[in-house]
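Side chains included, hydrogens not; waters and symmetry mates left out as well; all remaining heavy atoms used. Please read all numbers here as calculations on a predicted model, not as lab measurements.
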Amino acid sequence: MPGPVADDQYRYLLAGSPENLDSAFCRLTSSVNSIDFLQALTSNISDVICNGASYSIGGSSYSQTGVYEAYFTAANGCDSIVTLELTVLDTALAFFSASVCEGDTYEFQGNLLSAPGVYTEVLSAANGCDSTIRLTLEVLALERDTIAGQIFEGERYSFGGQELAATGFYERTVSGSNGCDSTIILDLLVHPVVNTNRAVAICEGEQYSFDGQQLSAPGNYQAQYQSQFGCDSTVSLSLAVLPLLRDTVQAEICEGESFSFDGQSLFLAGIYEAIDNSSNGCDSITTLLLTVRPRGSSQFFQSICQGESYTFGGQELTATGSYEQTLSTIYGCDSLVTLELEVLPLSIGSLTAAICEGESYPFGARQLNQAGVYERTLPGSNGCDSTVILELSVLPVYDQQVSVDLCRGEFFAGVQVLADTILRFAGQTSNGCDSIVNYTINVESIPGFEIQGARPLCGDFTITLSAGSFAGYAWSTGTSLPELVVSSPGWYAVTVTDQQGCTAVDSVLVADEGYTPEVELLDPLCAGEASGSISFVHIDGGTPPFLYSIDGGAFRDSTVYNGLPAGTYQLAIQDGTGCEWARTVQLTSPPPLSARIVGGQDIALGDSTQLRVVSLGDSLVLFDWQPAGGLSCSDCPAPVARPAQSTTYLVAVQDANGCEDRLQVEIRVEDSRRLYAPNAFSPNEDGRNDVFTVYPGPGVARIVAFQVFDRWGNKVYEAEGQGVAPPPGWDGTRKGQRLNPAVFAWLAEVEFIDGSVRLYEGEVSLIR
């Protein structure tokens with residue numbers, strides 16, 4: 001004991017006899033300088049109790065067989081130890097079960113029992129303790145079970161020694177597994193072998209998906225499947241390929257008119273196509289052959305005599321001039337007829353003659369012998385009346401001096417006179433006069449005569465050639481007017497006659513100042529776009545510099561006009577001389593990009609349908625489907641759609657020219673959440689219906705849990721699903737033991753592809 005202090009108290013546990021006491025506590029006081037170890041008091045007790053009773057000692061109660069110690073304080077202040085050896089005698093408890101059929105009794109300890117329940121009887125045992133017997137009595141019902149059976153058409157179902165082949169209810173009585181009579185009712189369903197005939201029509205160029213094939217040729221096809229009940233199912237397809245209807249239309253319009261076709265106004269000759277839906281649902285292609293007939297024009301010349309009239313277009317014309325009238329060509333187009341009318345004057349000619357004095361001069365029907373001026377009317381060379389004036393001289397018979405006016409180159413007395421001269425004739429004159437006649441010949445000429453107004457022609461313009469002021473005119477075109485209107489290049493000549501009847505000739509070359517441009521037209525690439533262009537690429541002829549105009553705008557030096565929509569444009573060019581060229585051209589709009597979506601639009605939840613973009617002639621190169629969810633691809637022409645709910649898909653398409661279009665299709669998803677489960681199975685290891693499970697329908701993401709319960713609510717089987725596959729099947733056992741035929745309840749927790757979860761329950765009959 002280390003360093004004890006007086007008046008303090010210490011407690012020690014000492015082990016052993018006087019030197020080392022076991023479980024003894026002594027007291028040290030301040031007046032004690034040494035420790036005296038007092039002997040601890042001990043005692044032993046043996047006792048017996050029945051199972052379920054208890055033994056109390058030292059403030060504690062004991063109900064199990066064993067050795068126990070209790071501590072008390074003895075009179076000397078030390079602990080007193082009591083050791084208890086307790087024996088617990090068994091109370092006999094017996095459990096057993098029994099069963100009787102409904103209506104029978106069971107004898108238990110002299111009692112006849114007929115109701116199910118738990119019965120207890122207490123008896124006295126030889127050791128003095130009570131003995132309890134507990135009976136669990138089950139009253140077995142006379143079973144009446146209904147089972148369901150399924151076979152396929154042509155098969156047979158074995159039941160109670162019968163071979164059944166028809167749908168119906170059948171009964172048989174057997175000894176039940178519980179020893180009581182059992183009536184089994186069979187609900188037999190015979191599933192037919194399904195044969196399906198389909199008649200499908202597609203358009204030429206389309207394909208039809210059938211049994212994993214893409215069919216495009218007409219014919220009869222067959223595919224073998226299994227029905228939902230597992231029976232063979234034959235699907236026969238009669239595929240018809242409808243032609244794309246084609247029609248050709250010919251039409252004619254006059255220049256400047258338009259023809260309405262497929263929503264367009266056409267002005268230019270050419271071949272056009274329109275695509276529509278025909279009565280059979282396929283495309284109908286109409287080809288238009290459009291001919292543009294020119295507006296005719298003609299010009300003719302006519303002359304009349306002065307004082308006459310000419311009927312033209314319902315008018316009586318009497319004056320020289322140009323007149324126009326619009327007629328209809330053989331094609332019904334307007335034709336412009338131009339009349340160049342010339343009024344010819346009544347010609348007057350002069351003659352000079354001489355006779356000898358005493359002689360006569362024949363002039364028409366008259367004989368003239370007196371000098372003088374005489375007139376005579378004759379048909380003129382132009383078809384009009386011509387007046388001839390005769391100046392008659394009577395020559396004396398003596399030496400005479402005669403002055404004669406001649407045109408240069410004319411002949412006088414057999415001599416061609418080219419200049420003024422004097423001709424002397426001596427002797428007898430031609431009229432027999434004896435005289436000398438001196439002829440003074442005066443030669444008349446038209447000096448310096450030339451055609452005025454000649455210059456090059458410009459485009460569709462005209463020029464006027466003038467021959468001056470003379471008595472007569474004879475142009476190379478047949479016109480006899482002082483002026484000639486020229487509208488085409490070439491050589492032009494005129495012979496003029498003065499008052500003395502002398503003539504002069506001149507000719508001029510009228511050159512072509514016009515020019516021919518080469519114009520390149522590029523139509524817009526896409527319908528409705530302003531992507532067309534007009535370019536002036538080359539000009540033959542003309543005088544630079546050239547200026548250009550479009551649709552009446554100011555003339556500029558720009559040769560290219562971009563960003564033009566389809567339509568009619570008026571082009572004009574002006575060269576350095578002011579000569580202008582004009583023409584109307586047409587930029588044609590291409591047909592709009594035409595495409596559509598084909599594919600089923602109503603599907604069940606979990607099913608899929610293939611969508612396909614079909615072009616009606618354009619080559620599509622880009623596809624963009626939105627939203628992309630539920631589609632096998634978002635940038636292909638034919639995705640497979642498997643949406644979890646009704647969805648509207650949009651697709652933007654683009655052809656090789658960059659033209660775009662947007663299409664949409666709504667896939668309506670029917671909320672059909674199906675789970676398939678048989679109502680009976682027979683685990684007899686014959687390879688058919690040996691296990692029971694549930695089968696997910698379309699739209700099932702997974703089977704979360706699958707459980708089977710007996711009629712008392714005890715769980716006999718549990719499994720989890722494996723994705724969309726059926727969960728492992730129940731083989732009709734519990735903990736490895738085969739269960740007797742009975743009706744069992746089942747419960748399945750199913751999660752669908754849209755995230756929703758549902759519980760399904762039902763019953764199944766186990767048949768041995």
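Heavy atoms from other residues, nucleotides or ligands lying under 6.0 Å from CZ of R172 number more than 12. Surrounding CD of Q214 are more than 12 heavy atoms belonging to other residues, nucleotides or ligands, all under 6.0 Å away. When the shell of 6.0 Å around CD of E720 is examined, it contains 12 or fewer heavy atoms from other residues, nucleotides or ligands. Within a 6.0 Å sphere centred on CD of Q737, heavy atoms belonging to other residues, nucleotides or ligands number 12 at most. In this structure, Q64 places its CD atom where only 12 or fewer heavy-atom neighbours from other residues, nucleotides or ligands lie under 6.0 Å away.
Applying the side-chain hydrogen bond (donor to acceptor under 3.5 Å, both in side chains) test to residues at least two apart or on different chains, none of the pairs has a partner in residues 636-651. Screening residues 592-613 for salt bridge (Lys or Arg N to Asp or Glu O under 4.0 Å), with sequence neighbours left out, gives E206-R596, D602-R668. Sorted by first then second residue, the side-chain hydrogen bond (donor to acceptor under 3.5 Å, both in side chains) pairs that include residues 751-765, not counting sequence neighbours, are R673-D754, R673-S756, R702-E751, D754-S756. Residue pairs meeting the disulfide bond (SG atoms under 2.5 Å apart) criterion with at least one partner in residues 653-757, sequence neighbours excluded, are C526-C659. For residues 682-696, the set of pairs meeting the side-chain hydrogen bond (donor to acceptor under 3.5 Å, both in side chains) definition, not counting sequence neighbours, is empty. The disulfide bond (SG atoms under 2.5 Å apart) pairs that include a residue from residues 622-656 are C633-C636, where partners are two or more places apart or lie in different chains.
Within the model, atoms OG of S589 and CD of Q264 stand 6.0 Å from one another, a figure rounded to the nearest 0.5 Å. To the nearest 0.5 angstrom, F259 atom CZ is 5.5 Å from L288 atom CG. One distance of note links OG of S158 with CG of L186; it measures 11.0 Å at 0.5 Å rounding. Distance CG/L611 to CG/L631: 7.0 Å, rounded to 0.5 Å. L290 contributes atom CG, which lies 9.5 Å from atom CZ of F261 (distance to the nearest 0.5 angstrom). Here CG of L164 is found 7.5 Å from CZ of F159. Values are rounded to the nearest 0.5 Å.
Using a 4.5 Å cut-off on side-chain heavy atoms (C-beta onward), E749 and V757 make contact. The side-chain heavy atoms of L289 and I271, taken from C-beta on, include a pair separated by under 4.5 Å. Put simply, the side chain of D624 does not reach to within 4.5 Å of the side chain of L622, judged on heavy atoms. Put simply, the side chain of L620 reaches to within 4.5 Å of the side chain of L593, judged on heavy atoms. In this structure the side chain of S216 never reaches within 4.5 angstrom of the side chain of V241, judged on heavy atoms. With a 4.5 Å cut-off on side-chain heavy atoms, W746 and F692 count as touching. Considering only heavy atoms from C-beta on, Y208 comes within 4.5 Å of L237 through its side chain.
Residues passing the salt bridge (charged side-chain N to carboxylate O under 4.0 Å, His left out) test with E171, sequence neighbours excluded: R144. Every side-chain contact (heavy atoms from CB on, under 4.5 Å) that E273 has, sequence neighbours left out, goes to I285, T287. The side-chain contact (heavy atoms from CB on, under 4.5 Å) search around R734 returns D710, N714, V716, L739, not counting sequence neighbours. Legend: residues meeting side-chain contact (heavy atoms from CB on, under 4.5 Å) with D731, ordered by chain and number and at least two apart, are V691, T733. Among residues two or more places apart in sequence or in another chain, the salt bridge (charged side-chain N to carboxylate O under 4.0 Å, His left out) test is passed with E718 by K715. Taking T105 as the reference, L112, S114 meet the side-chain contact (heavy atoms from CB on, under 4.5 Å) condition, with sequence neighbours excluded.
Between S619 and S615, the closest heavy-atom pair is N-OG, 4.4 Å. The shortest non-hydrogen separation linking P696 to I703 is CD-CD1, 4.2 Å. Residue P592 comes nearest to A527 through the heavy atom pair CA-CB, 3.6 Å, listed as atom of the first residue, atom of the second, then distance. Contact record, P524 with E529: CB-O, 3.6 Å, taken as the closest heavy-atom pair. When all heavy atoms of I767 and A148 are compared, the closest pair comes out as CD1-O, 4.4 Å. Closest heavy-atom contact between V694 and P727: O-CD, 3.5 Å.
Using cut-offs of 30° and 60° on the angle between ring planes, the pair F706 and Y717 is perpendicular. A perpendicular orientation is assigned to the rings of W730 and F744, their planes being inclined by more than 60° (bins at 30° and 60°).
Side chain of D661 to main chain of V653: no donor-acceptor pair is present (N/O by atom type, distance under 3.5 Å, no hydrogens or angles).
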Inset, instruction - In sequence, state the C-alpha distance, the side-chain angles, and the governing distance for D211 and Y221, and then conclude on side-chain contact (heavy atoms from CB on, under 4.5 Å). - result: CA-CA 9 Å; D211 194 28; Y221 303 88; over 6 Å; no
